[in-house]
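Letters A, B, ... are given to chains in the order of the sequence lines, protein chains preceding strands, and every chain is numbered from 1.
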Number of protein chains: 2
Amino acid sequence: MLTKKAKYGLKAMVHLAGVRPGETALVADIAASNQIPKKFLDAILGELRNAGFVHSKKGKGGGYMLARPPSDIGVGNIVRALDGPLAPIQCASKTVYRRCDDCTDETRCAVRLVMLRAREAIAEVLDKTSLEQMRELGESGDGVRSLVGGKAARQAMDMA
Amino acid sequence: MLTKKAKYGLKAMVHLAGVRPGETALVADIAASNQIPKKFLDAILGELRNAGFVHSKKGKGGGYMLARPPSDIGVGNIVRALDGPLAPIQCASKTVYRRCDDCTDETRCAVRLVMLRAREAIAEVLDKTSLEQMRELGESGDGVRSLVGGKAARQAMDMA
DNA sequence: ACAAAGTTGACTAGATTTATAGAGTAAAAT
DNA sequence: ATTTTACTCTATAAATCTAGTCAACTTTGT
Ligand code: FES
Ligand code: FES
């Protein structure tokens, strides 16, 4: 489950992707537009700055701006910066792999092997989507219609 | 991120899928074999019983057994019973949908639209895998090798 | 140069969920 | 009745989410 930190962070990044390049957005404005608790957003944008996704400027005319064009920022990496690895379980992560203390033989752990597949599926979606694409999704508002399609997908959707 | 509850629950279910049909397994044994805190496992199996996945029997010769053949139990549904919806965010869930208080227009929320895709990808993996298949995965121990394949998948793997 | 206002940044604190342990209760078999 | 096992209830430590207070920096006006 995505934490609120990541959810708010993503919303803020989408907001920042919407301002004209070179201009900044105030934390107060981002918070108000997206109904995010301002103080929490302060902390979140701080982390995103430390991670190199955004730049900040203090004082009048200050605020936040993206450090790179939104087409260069992967959604998956934003989530990683805020919530940690995409993998549902750490032993299935490549970026922040950590051994499971329980589980004697990792290579035969059924849980891990299934979750490796899940991680791959998640990464396939999140790493293939740029911040720009994500923002466009919201603008056109179509959503799922234009997706993989097929009976299997629709069936899976009915129970997720 | 999958909680330890779900992780332990899945391991226990795999264990139960391994006992001969009609026989039972003791909580103490499952806990010892899989290095799970016994009391925690007690609670987890209790939830799985309430959810109808397993049956229990008290007294000598008692223990737990699967309520249905492992080929009839979807991994996704086990996770849902223990950790709640598969969707990374509740507004993207079909089973336990809940509106986001922030976000005025759900149909145009970029975060939700991306996470709908992520949910679909996760469900595609977890709902298509039965407990039996999951257990077989662990036995043959091959893991990722036999997966989707292709450059894209390998690339995504390198950073998840 | 100086003060004032605007804005990010850091530090603390309370409420809620997660992870684990302990002690004891209830049911079933012998 | 005794033993074996699942079940319940309570309690503690960590992580998450949110708010409040104050410090640090940057521009602007005088
Ligand atoms: S190795 Fe991580 S769950 Fe088994
Ligand atoms: S509607 Fe749920 S994140 Fe926007």
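Of the residues A:Lys11, A:Gln35, A:Lys4, the one that meets the side chain to side chain donor-acceptor pair (under 3.5 Å) test with B:Asp102 is A:Lys11.
What separates CG of B:Leu41 from C1' of D:dT5 is a distance of 14 Å, to the nearest Å. Residue B:Tyr64 contributes atom OH, which lies 14 Å from atom P of C:dA28 at whole-angstrom precision. A:Glu47 places its CD atom 13 Å from the C1' atom of C:dA10, with the value rounded to the nearest Å. Distance, A:Asp101 CG to C:dT20 P: 10 Å, rounded to whole Å. Atom CG of A:Leu2 is separated from atom P of C:dT17 by 18 Å (rounded to the nearest Å). Regarding A:Leu45, its CG atom lies at a distance of 13 Å from the C1' atom of C:dT7, rounded to whole Å. One can place CD1 of A:Ile44 at 11 Å from P of D:dA19, the figure rounded to the nearest angstrom. The distance from atom CD1 of B:Ile89 to atom C1' of D:dT16 is 15 Å, rounded to the nearest whole Å.
Not one side-chain nitrogen or oxygen of B:Arg49 sits closer than 4.0 Å to the OP1 or OP2 atom of D:dA6. Here B:Ser56 reaches the OP1 or OP2 of D:dC7: one of its side-chain N or O atoms lies under 4.0 Å away. Remark: A:Lys4 is in phosphate contact with D:dT18, judged by side-chain N or O atoms under 4.0 Å from OP1 or OP2.
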message = If you apply the rule salt bridge (Lys or Arg N to Asp or Glu O under 4.0 Å), what do you find for B:Arg20 with B:Glu23, and how did you get there?
response = CA-CA 6 Å; B:Arg20 280 189 297 282; B:Glu23 306 205 350; 3.4 Å; yes
The test is side-chain contact (heavy atoms from CB on, under 4.5 Å); show your working for A:Leu82 and A:Tyr8 and say whether it passes.
CA-CA 10 Å; A:Leu82 296 171; A:Tyr8 293 158; over 6 Å; no
Worksheet entry | Working for salt bridge (Lys or Arg N to Asp or Glu O under 4.0 Å), residues B:Asp127 and B:Arg80 | CA-CA 10 Å; B:Asp127 284 328; B:Arg80 284 191 187 90; 2.9 Å; yes
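Here the side chain of B:Asp83 pairs a donor or acceptor atom with the backbone of B:Thr3 at under 3.5 angstrom. The closest donor-acceptor contact from the side chain of B:Arg98 to the backbone of B:Gln90 lies at 3.5 Å or more, if one exists at all. Side-chain atoms of A:Ser130 never come within 3.5 Å of backbone atoms of A:Gly74 as a donor-acceptor pair (strictly under, hydrogens ignored).
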Close N or O pairs between protein and nucleotides 26-30 of chain D (under 3.5 Å):
none

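In terms of heavy atoms, B:Cys91 sits closest to B:Glu106 at CB-OE2, 4.1 Å. Between A:Ala12 and A:Leu41 the shortest heavy-atom distance is CB-CD1, 3.9 Å.
Residues of residues 7-39 of chain B having a heavy atom closer than 4.0 Å to DNA chain C, listed by number: B:Tyr8, B:Pro37, B:Lys39.
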